[in-house]
Amino acid sequence: MNDDQMRDLFREMRDEPLPADSLARVRLAVAERVAQPVRRPFWLRWQVLAAGVVAAVVLVMVLRQPAQVPAPPVVVAKQEPRPVPPTPPQPIVTPQRKPPMRLPQATTRPKPRNTDPLIRLETPDPNVVIFLVADGAGE
């Protein structure tokens, strides 16, 4: 239902006549409610009374506290400064320079410049070394 349909429905309701007894009953109920005095709930009256009692007790406690006497001023005796013993002279330490690092010596033999794949097998006997050389024909 859109706004226009709702407006039309309200206009139709406004144009319908109300039964006289319904209007009289509504007016009578409203008049009775207006004529009744406003009564606060029972618990609300006790809450207001309890708050007043608590406020009175707090006020009495605050007023009955004795006046605080300020403490006497603290007098500090002046002391002479103690002589500071002389500190022994610190030895002058010069930083030690580390020697420059040397690169480790190469322990392997230089690689041959041949581009063919080479496999070197060393045996327990230092005089026997086996070289396997591929000629690249399998490529």
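Index from 1, following the sequence.
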Worksheet, complete the sentence: With sequence neighbours left out, the residues meeting side-chain contact (heavy atoms from CB on, under 4.5 Å) with Gln90 are none

Fill in: Pairs involving residues 19-30, ordered by first then second residue, that meet side chain to side chain donor-acceptor pair (under 3.5 Å) (sequence neighbours left out)
Ser22-Arg25

Worksheet item: Ile130: which other cluster members, linking ILVMFWY side chains closer than 4.5 Å, directly or transitively?
Response: Ile119, Leu121, Leu132

Discussion item. Quick check on Phe10: does its CZ atom have over 12 non-hydrogen neighbours (other residues, nucleotides or ligands) under 6.0 Å away?
Written reply: no

Discussion item. Quick check against the 3.5 Å criterion: does Thr123 have a side-chain atom that pairs as donor or acceptor with the backbone of Val128?
Written reply: yes

Worksheet item: Does the side chain of Met6 come within less than 4.5 Å of Asn2's, by heavy atoms?
Response: no

Discussion item. I'd like to know whether Val60 forms a side chain to side chain contact (heavy atoms under 4.5 Å, CB included) with Arg64, so could you lay out the CA-CA distance, the side-chain angles of the two residues, the decisive distance to 0.1 Å, and finally the verdict.
Written reply: CA-CA 6 Å; Val60 167; Arg64 291 189 73 194; 3.6 Å; yes

Fill in: Short N-O contact, Arg120 and Glu122, less than 4.0 angstrom
yes

